[in-house]
Each structure stands twice: as structure tokens, then as C-alpha cells.
Amino acid sequence: METKLWNLKKNEPLAPQLIEAAALLAGGEVVAFPTETVYGLGADGLNPDACRKIFAAKGRPADNPLILHICEMDQILQLTSGLTPLAKKLMEAFWPGPMTLIVHKSDRIPDVVTAGLDTVAVRFPVHTVARELIRQAGTPIAAPSANKSGKPSPTNAADVLQDMDGIIAGVVDGGACDIGVESTIIDTTGPEAVILRPGGITLEMVSKVLGSVKLDPGLVKKDETPRAPGMKYRHYAPKAPMVLIEGPEASLGVIRAAVMAEASGLRTGVLALAGTVDHLPRSPRLIVHNGGSTLEELAENLFRELRLFDREQVDTIIGEGVDDTDLGLAIMNRMRKSAGHNILWAENGLLRRKSGHVPDYLKDFVVQ
Ligand code: AMP
Ligand code: MG
């Protein structure tokens with residue numbers, strides 16, 4: 001299949017530029033498009049055959065349900081058998097925006113979308129391109145992230161094409177995504193709100209609105225199964241093995257690990273904060289990516305930088321962790337998965353093993 005690419009022109013009216021993409025969506029084809037979080041792989045969310053094409057294109061396990069995207073607040077009423085007061089409060093506070101709500105599903109929704117669950121995930125994005133496309137398609141759009149299953153999510157059209165060229169009908173290029181990590185998923189069907197996936201709307205922001213919110217234990221404890229089916233899969237993984245360095249001296253730990261990896265002859269990818277990058281030695285074997293100097297910048301850059309390491313064919317990757325507060329919770333959820341939970345803790349001049357494997361080049365340094 002030839003994949004069409006629509007380059008949107010900022011200073012021309014948006015609606016006419018999306019007619020072809022929307023027509024293909026309405027006709028049951030799969031089209032990728034930008035949102036404020038990451039690029040989505042869209043299809044008509046009420047057409048089971050169209051939704052099956054999403055699973056085929058991504059190589060997505062059939063037990064991992066899709067998020068339905070809407071272009072107006074009230075559109076959720078066609079998709080649910082009823083909203084709890086919790087859901088209404090959250091919609092009022094954070095929609096349109098990077099928040100997905102789990103609600104009781106209505107009979108209209110095909111089983112393929114919800115993977116047989118009696119709940120459905122719904123999001124009202126703020127991105128003008130996403131909203132106009134959904135409006136023109138005239139149907140809720142099912143859209144998981146536009147990557148092959150297991151890879152980091154794409155945050156620009158070139159990264160979508162890397163995974164999907166020749167496989168889907170088209171890609172709408174609306175530039176780079178603002179937030180860079182996927183939406184916060186909140187289950188609103190029980191007595192208390194539960195965050196199933198951390199994202200751009202932070203735990204702190206939700207707590208402020210609701211007074212309290214729980215974090216799904218499956219996100220933090222290894223022996224609990226996460227309640228969002230997709231969260232149990234290996235995800236965001238670059239090709240090379242990655243180690244993540246966390247703790248109060250993460251920056252120092254990253255510099256030390258990078259020096260050791262480079263000295264052992266490995267082509268070493270480093271993803272670190274700006275302050276750390278400034279102190280890394282220069283070497284043709286050290287491929288250094290600057291994640292930025294704030295949590296917002298790190299979230300925005302994270303997936304693009306991880307995907308770049310694949311193209312640069314590094315042997316090993318070292319990542320710098322941040323605190324689990326604010327946007328840091330969403331970032332660390334992604335980074336820990338990218339690293340396959342190979343994590344070291346840097347404190348008091350020492351590197352300790354927190355979980356997973358210790359890379360060979362650090363075996364003599366790490367306190368087990
Ligand atoms: P993605 O589309 O890549 O952003 O992934 C969507 C995420 O939403 C996956 O982790 C799904 O398992 C999760 N999800 C979708 N529908 C539901 C649902 N009804 N209940 C819980 N999690 C869901
Ligand atoms: Mg995804």
C-alpha cells in the first residue's frame with residue numbers, strides 16, 4: 001500500500017487540508033495524525049473491520065484495548081452507559097487535554113475496541129488537527145500510539161513513517177508533539193479515581209481537583225498485574241540494552257557509567273539532562289543526547305531520542321533518571337520500561353543495583 005503524506009501548511013486554513021485524510025478514515029482506512037501527546041494511529045472506532053486494521057498494522061496483541069478520541073465533550077455520551085460524578089469532575093477540569101477516562105461502555109462499541117471489557121477508554125484531545133480530523137470523519141476515532149508494538153511512541157511524522165510506511169493509508173504531518181508522553185489514563189468507574197497510566201495530567205493535578213487519587217498498584221509493584229492491559233507488555237524498548245541511573249547523584253552516576261562504557265570500547269548512547277551533558281567527556285564512541293533541562297523538555301524529547309539510538313546503532317544505552325514527582329512520574333514509567341527495569345541507584349559516591357542486570361562494564365563498580 002502506498003502511504004500518503006499530508007504536510008500541513010500553518011498559514012492556510014486547516015479544514016480543506018484534512019478532507020482526504022478524513023474521507024479515508026470515514027471509509028474504513030487507517031490514518032496517523034498528531035495529538036498533543038504522541039502521534040495516533042486512527043481508524044473509525046465504530047467500525048470493527050477498520051479497528052482490526054490498527055491491530056494488524058501495529059502487531060498489537062488483541063487483548064490490549066484502544067482509546068476512542070472525540071472532538072466535543074458531549075460525544076462521550078454516545079459511548080458510555082453512564083458517567084460517575086468523578087468522571088464529570090475530571091472532564092470539566094482537564095478536557096480537552098492529555099487525559100483518558102475509563103468509563104462504562106455503551107452497546108454501540110465493537111468488542112474489538114475494548115478487547116471484550118465492559119469499560120471503554122475515551123479521550124478529548126486539545127490538538128486542533130486531531131479535533132478537526134475527528135469532526136470531519138464524523139465518528140469517534142480509535143487511536144493507539146502510531147508505533148509498532150513494543151517500540152517507543154512516535155512524536156513526529158518521520159518517526160511514524162519509520163514504523164508504518166507502506167502499511168497504512170496515510171500520515172498527517174502536523175509537526176512535533178508538545179507533551180511527548182501518552183495521556184494519563186484514569187479509571188472513573190469505581191468509588192475512587194485510579195490512575196492506570198501516568199501522563200501529562202499529573203497525579204498532583206488530579207489530587208488537587210478530587211482531593212485524593214490512587215495509583216494502580218500494578219504500576220509500582222512487580223507481582224501485581226496492571227489494570228490497563230497494555231501496561232503489562234514490554235514497551236518503549238530501543239534495540240540496544242539500556243541501564244537507567246536513578247537517585248540523588250544520578251548525574252554523577254551517568255558520567256561515571258559513560259566513562260566506563262566508552263573505555264571498554266562500546267559505542268555508547270547517553271540520554272541525560274543538560275547539566276550532565278555539559279560534563280561528559282568528548283569521544284567518537286560517546287553518542288550523547290541532551291534530554292533538556294526541565295521535566296517538560298525531557299518528556300517532549302524522550303521518545304524521539306530513544307528512537308534515534310536505533311538509527312545510530314549504539315551497543316549500549318545509559319539513561320539519567322529524574323524524581324517521580326509531577327511529570328517525572330510519567331517520564332520514569334516510560335524510562336524504566338525502556339531500560340527493561342535494569343536500574344542502578346547513585347548515592348554517597350556509590351552505584352547500587354536497584355533491579356535487573358548490571359552491565360559488564362560496571363560489574364567492578366556496582367555494590368550488589
Ligand atoms: P495506547 O493506545 O498505545 O496509548 O495505549 C492505550 C492504553 O489504554 C493501553 O495501555 C490499554 O491497555 C489502555 N486501555 C484501553 N482501554 C482500556 C480499558 N477499558 N480499561 C483499562 N485500560 C484500557
Ligand atoms: Mg502505545
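In listed order, ligands and their atoms are each counted from 1. Values reported hereafter were calculated over all heavy atoms of this structure, with side chains retained and with hydrogens, waters and symmetry mates removed.
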For [X], I'd like to know if atom [atom1] has over 12 heavy atoms of other residues, nucleotides or ligands within 6.0 Å.
{"X": "Arg267", "atom1": "CZ", "result": "yes"}
{"X": "Gln313", "atom1": "CD", "result": "no"}
{"X": "Lys354", "atom1": "NZ", "result": "yes"}

Discussion item. With respect to the Mg ion (ligand 2), please indicate if Ser145 possesses an N, O or S atom at a distance under 2.8 Å.
Written reply: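 Within the cut-off used here (under 2.8 Å), Ser145 does place an N, O or S atom near the Mg ion (ligand 2).
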Worksheet item: With backbone taken as N, CA, C and O and side chain as the heavy atoms from C-beta onward, which portion of Thr114 lies under 4.0 Å from ligand 1: side chain, backbone, both, or neither?
Response: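 It is neither part, as no heavy atom is under 4.0 Å.
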Of the choices [options], which has the non-hydrogen atom that lies closest to [atom]?
{"atom": "atom 21 (C) of ligand 1", "options": "His104, Lys232, Arg227", "result": "Arg227"}
{"atom": "atom 3 (O) of ligand 1", "options": "Ala146, Ala115, Ser145", "result": "Ser145"}
{"atom": "atom 4 (O) of ligand 1", "options": "Lys58, Arg197, Arg60", "result": "Arg197"}

Worksheet item: Rounded to the nearest 0.5 Å, what separation is found between the CG atom of Asp44 and the CG atom of Leu25?
Response: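 Separation between the atoms: 8.0 Å.
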Worksheet item: For ligand 1, which atoms, with element, lie under 4.0 Å from some heavy atom of Leu117?
Response: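 Counting atoms of ligand 1 from 1, those under 4.0 Å from Leu117 are 18 (C), 19 (N), 20 (N).
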Fill in: Numbered atoms of ligand 1 (with element) below 4.0 Å of Thr119, judged on heavy atoms
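Here the atoms of ligand 1 in question are 18 (C), 19 (N), 20 (N).
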Discussion item. Please check whether Glu182 reaches ligand 1 - meaning an N/O of the residue sits under 3.5 Å from an N/O of the ligand, judged on distance alone.
Written reply: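 No; the residue has no nitrogen or oxygen that sits under 3.5 Å from a nitrogen or oxygen of the ligand.
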Practice prompt. Mark yes or no for whether Asn301, through its side chain, and Gly291, through its backbone, hold a donor-acceptor pair below 3.5 Å.
Written response: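 Side chain of Asn301 to backbone of Gly291: a pair is present.
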Item to complete: Please determine which of His69, His127, Arg123 meets the side-chain hydrogen bond (donor to acceptor under 3.5 Å, both in side chains) test together with Thr35.
Response: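 Among the candidates, only Arg123 passes.
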